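For reference, positions follow the sequence shown, starting with 1. Keep in mind that this is a model prediction, so the values were computed, not measured.
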Amino acid sequence: MRSTSLVLFSSLSLVILFSAGCGKDKKQREFAQNTVVYDANLPSNEAMAKYLAECNEKYFKNTHNRFASTTRALDFESKPAPKEAKKFVEWKKAIGDEWLFAGDTKKSLAAYEEAMKKVQDEGMKGKLVDDIRYMQAVAYMRLGEQLNCIANHVSESCILPIAQPAWYVEKDPTIKAVAIWEEILKQHPDDLSAKFLLNIAYMNLGKYPDGMPTEYRIDPNEFKSEYPLQRFPNIAANLGVDFITKSGGVVVEDFNNDGLLDIAASGWFLDEQLKIMINNGDGTFTDNTEVSKLKGITGGLDLKCADYNNDGFMDILIPRGAWWNDFGKLPASLLKNNGDGTFTDVTYETGLMKHLRPTQSAVFADFNNDGWLDIYFGNESRRDSEPYYNELFLSDGKGKFTEVGKEAGVDVICFSKGVVSGDYNNDGWMDIAISSQGTENYLFRNDTGKNGGKVKFTDVTKEAGVSKPIKSFPIAFLDYNNDGWEDLFVCTYDADNCDYDNAAEYFNGTPKGEYSILYKNNGNGTFTNVTKDMNLQVAMTVMGLNYGDLDNDGWLDIYCGTGTPNYTSLVPKRMFRNNGGVGFQDVTTAGGFGHVQKGHGIGFGDVDNDGDQDVYEDMGGGYEGDGFQGAFYENPGNTGNNWITLQLVGTKANQCAIGSKVKITVEEGGKTRDIYQVVSSGASFGVNSIRLETGLGKATAIKQIEVTWQGPNTKQVFTNVPMNNFVKLTEGVDAFELQTLQPFKFSLDNHSTMDHSKMM
């Protein structure tokens with residue numbers, strides 16, 4: 001078996017040979033120091049936009065940045081052609097790889113052809129030749145995607161198993177890819193990754209399963225779901241939210257307090273504009289980015305959302321610099337929602353400009369129970385870069401943040417890919433869990449209450465038993481079994497084994513990498529690995545992650561966005577239905593969630609106010625040329641289950657009530673049943689609405705709703721709350737408030753105005 005990750009990134013090692021001024025290590029670090037000056041004399045939005053644009057020009061368009069593919073391709077081409085045959089072929093392959101990553105697939109294929117001509121002229125054989133043929137097949141498949149899935153996008157595009165409406169019209173590139181894959185498989189019949197990609201190619205041509213060689217075919221039964229969930233159609237183009245980004249974050253939240261959930265989406269390159277899409281309440285969205293005064297506010301692999309200043313409007317945080325190592329010394333923008341449709345970048349004035357770190361994940365929580373949300377940043381430190389300690393910024397309640405990570409005991413050094421906060425031991429203080437790519441993970445218990453109110457955490461990872469998996473990425477606190485104790489789900493991300501392990505799932509092979517782990521909270525400070533027992537032991541390389549209740553049965557379901565930056569990583573997403581807390585059922589195919597493009601930020605939310613949760617997901621890879629349309633999955637409803645949507649408003653607690661706990665007691669089937677919820681935005685990669693959109697199953701009535709307000713940790717009970725309604729619960733107010741929010745139908749017209757030609 002070849003290692004496809006080495007194939008794809010082989011050109012990176014050639015930078016040393018062919019890129020100018022390359023002296024790596026020390027030189028690279030010196031160049032990557034962020035010396036751009038923030039101009040505090042300008043209006044703050046303008047100042048941040050200028051700052052980001054200068055960072056983009058100065059630090060991200062250079063040959064040392066492995067994601068600056070166009071710059072790198074041009075740099076390779078500017079060098080004299082090596083005279084020695086093998087070096088010439090390596091050089092041409094490097095050019096081909098970079099043009100592929102840059103999105104100019106035709107230039108990529110031309111470079112590979114020149115390399116193969118030299119191979120044939122010289123009679124060369126071996127791994128280098130095999131790698132070029134492999135990359136040719138990948139490039140032809142990518143060209144097929146660009147001409148069909150992107151330029152002629154339909155709702156079924158790239159969702160496995162490929163349905164007839166998504167069969168390719170422009171077939172020639174894919175036919176060429178098939179010929180190469182079959183040639184490769186004759187030489188390497190056990191190459192599971194190649195076999196999987198061959199199946200996708202045949203699906204796109206409309207020839208799967210009967211029209212392809214049986215010895216390479218995936219058994220169609222492998223795509224069967226374990227429960228007949230209704231299909232969630234992808235209607236992103238109908239709504240005009242099918243904008244193309246590379247890897248990015250997602251927020252599903254009500255930004256203007258009109259009772260309608262809006263969408264924010266980012267792309268991680270510094271030339272990708274943050275999008276604010278306002279829900280019109282009639283089945284359409286309006287792009288409000290310029291009206292919001294956010295033009296030039298760019299970048300961000302992830303997004304976070306909370307009401308940091310307790311003014312009743314949800315604000316946005318954009319962490320930046322993830323995966324960019326020393327090039328990622330960038331600020332995380334805090335965007336204050338002004339309540340009039342505009343946002344103001346308050347990074348500088350709040351003291352967060354001191355945070356110049358490569359960061360993907362952050363979390364809002366009130367760690368000292370003073371009623372104001374603080375921010376914890378999980379930063380990315382590598383062995384070959386300077387240490388970037390994780391940071392804890394405490395709010396002073398007056399619009400300023402102070403970094404206290406060291407004093408609080410949470411200034412760990414690791415490659416943090418996910419951070420979440422939850423009260424895992426139910427003591428009224430918000431704890432922190434961290435996933436670390438390549439080292440053991442962390443669980444920090446909040447001992448502030450034992451420390452006289454001064455913020456203090458204790459590392460309890462070992463005693464809790466939650467240090468694995470080692471190659472981890474997204475993470476979530478969620479109460480999957482409705483026992484009132486938050487459990488922990490840590491997803492694995494093993495890029496080297498992703499393609500093989502994914503294929504092994506379909507060809508009954510043995511995965512090489514780790515499995516994600518679901519830890520059951522035992523209620524005594526320890527956790528138990530229940531992954532296999534809960535039917536979640538599935539080989540998948542996860543990036544995006546979130547959870548919600550797809551069928552309103554009162555049990556939390558889990559959605560995993562999968563893949564790696566590798567162009568070979570066409571890995572279907574995974575949706576798991578919670579079967580009453582006793583196990584999870586794979587409903588990926590039944591629900592129509594098996595999208596093979598890279599999955600990133602995921603947000604659940606009842607966008608059409610009809611009582612069930614829809615799902616929005618950012619798609620797109622890590623390279624310039626690997627953008628893709630976002631997907632919006634409409635919940636078909638019709639389960640017959642009841643529901644309640646709660647909006648909690650804190651007074652002594654933080655106003656958006658993050659961290660507050662809710663126990664809904666219902667009558668169902670002649671018995672009493674408790675359903676537990678916690679106010680949060682969900683998992684570490686993607687943002688759900690903080691409205692508690694809760695399924696009640698076949699309940700006949702709500703007996704009571706008990707709220708434990710985070711911060712003051714006081715309990716409040718509400719009775720006679722009607723089902724199938726939107727209800728506001730305010731701390732300290734005995735009566736609940738019914739909200740009149742009208743459901744609507746999504747538009748059936750295609751409102752997409754995207755220019756997809758740039759992707760070809």
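- When ring centroids are compared, F477 and W485 stay outside the 6.0 Å threshold.
- The two residues L392 and A408 make their nearest non-hydrogen contact at CD2-CB, 3.8 Å.
- S516 places a side-chain N or O within donor-acceptor distance of the main-chain N or O of T492, the cut-off being under 3.5 Å.
- Counting only N and O atoms by type, the side chains of Q710 and S660 include no donor and acceptor under 3.5 Å apart.
- A donor atom on one side chain and an acceptor atom on the other are not found under 3.5 Å apart for N529 and K520.
- Taking the ring centroids of F364 and Y308, they lie at or beyond the 6.0 Å cut-off.
- Taking the six-membered ring for Trp and thresholds of 30 and 60 degrees, Y442 and F444 have nearly parallel ring planes, at less than 30 degrees apart.
- The residue from D431, D447, N451 that alone fulfils the side-chain hydrogen bond (donor to acceptor under 3.5 Å, both in side chains) condition with T458 is D447.
- Of the listed residues (L373, D366, D307), just one forms a side-chain contact (heavy atoms from CB on, under 4.5 Å) with I658, and that residue is L373.
- The distance from atom CG of L550 to atom CZ of F604, rounded to the nearest 0.5 Å, is 5.0 Å.
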| task | Go through the steps to decide whether R231 and V587 satisfy the test side-chain contact (heavy atoms from CB on, under 4.5 Å), and finish with yes or no. | result | CA-CA 9 Å; R231 190 173 183 87; V587 293; over 6 Å; no

| task | Could you give me the CA-CA distance, side-chain angles and deciding distance for E486 and L478, then say whether side-chain contact (heavy atoms from CB on, under 4.5 Å) is met? | result | CA-CA 5 Å; E486 290 185 83; L478 75 163; over 6 Å; no

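- Between I664 and L696, the shortest heavy-atom contact is CG2-CD2, 4.1 Å.
- The environment of D258 atom CG is dense: over 12 non-hydrogen atoms of other residues, nucleotides or ligands sit within 6.0 angstrom.
- Ring planes of Y424 and F527: tilted class, angle from 30 to 60°.
- Here the closest heavy-atom approach between residue I517 and residue T531 is recorded as CA-OG1, 3.2 Å.
- Using modelled atom types, no side-chain atom of N310 and backbone atom of N654 make a donor-acceptor pair closer than 3.5 Å.
- Between Y376 and F367, the ring planes lie perpendicular to each other; the angle is over 60°, past the 30° to 60° tilted range.
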| request: Check step by step if ring pair (Phe, Tyr, Trp, His ring centres under 6.0 Å) holds for F255 and F313. | output: CA-CA 7 Å; F255 293 120; F313 290 92; over 10 Å; no

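- Between L301 and S266, the shortest heavy-atom contact is C-OG, 4.5 Å.
- Heavy atoms from other residues, nucleotides or ligands lying under 6.0 Å from NZ of K698 number more than 12.
- Taking OG1 of T588 as the start and NE2 of H595 as the end, the distance is 13.5 Å to the nearest 0.5 Å.
- Between Y547 and A476, the shortest heavy-atom contact is CE2-CB, 4.1 Å.
- In this structure, a donor-acceptor pair under 3.5 Å is present between the side chains of S416 and N390.
- Each of E737, Q739, K728, R691 was evaluated against Q647; a single residue qualifies, Q739, per the side-chain hydrogen bond (donor to acceptor under 3.5 Å, both in side chains) test.
- By the 6.0 Å and 45° rule, K471 does not stack over the aromatic ring of Y493.
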| field | Test log, rule side-chain hydrogen bond (donor to acceptor under 3.5 Å, both in side chains), inputs T639 and D551 | value | CA-CA 6 Å; T639 63; D551 53 2; over 6 Å; no

| field | Derivation and outcome, side-chain hydrogen bond (donor to acceptor under 3.5 Å, both in side chains), residues E617 and Y559 | value | CA-CA 10 Å; E617 182 176 14; Y559 188 33; 2.6 Å; yes

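- Separating the OG1 atom in T740 from the CG atom in N725 is a distance of 8.5 Å, to the nearest 0.5 Å.
- Checked against the 6.0 Å centroid threshold, F576 and F584 do not count as a close aromatic pair.
- Ion pairing between K336 and D311 fails under the 4.0 Å rule for side-chain N and carboxylate O.
- Between E440 and K462, at least one side-chain nitrogen of the basic residue sits less than 4.0 Å from a carboxylate oxygen of the acidic one, meeting the salt-bridge criterion.
- No donor-acceptor contact under 3.5 angstrom links the side chains of S395 and D374, judged on distance only.
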| said: Before you tell me yes or no, could you show the steps for T541 and D494 under side-chain hydrogen bond (donor to acceptor under 3.5 Å, both in side chains), namely the whole-Å CA-CA distance, both residues' side-chain angles and the distance that decides it to 0.1 Å? | reply: CA-CA 6 Å; T541 301; D494 189 340; over 6 Å; no

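- Between the side chains of W709 and Q716, a donor-acceptor pair is found at a separation under 3.5 Å.
- Here the NZ atom belonging to K715 is positioned 3.0 Å from the OG1 atom belonging to T708, to the nearest 0.5 angstrom.
- Side-chain atoms of D262 and N279 include no donor-acceptor pair closer than 3.5 Å.
- In the model, T665 has a side-chain atom that pairs as donor or acceptor with a side-chain atom of D674 under 3.5 Å.
- The structure places CG of D282 at 12.0 Å from CG of D608, a figure rounded to the nearest 0.5 Å.
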| task | Step by step, work out the ring pair (Phe, Tyr, Trp, His ring centres under 6.0 Å) result for F393 and F401. | result | CA-CA 5 Å; F393 283 85; F401 290 89; 7.1 Å; no

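- The distance from the CZ atom of F489 to the CG atom of L536 is 5.0 Å, given to the nearest 0.5 Å.
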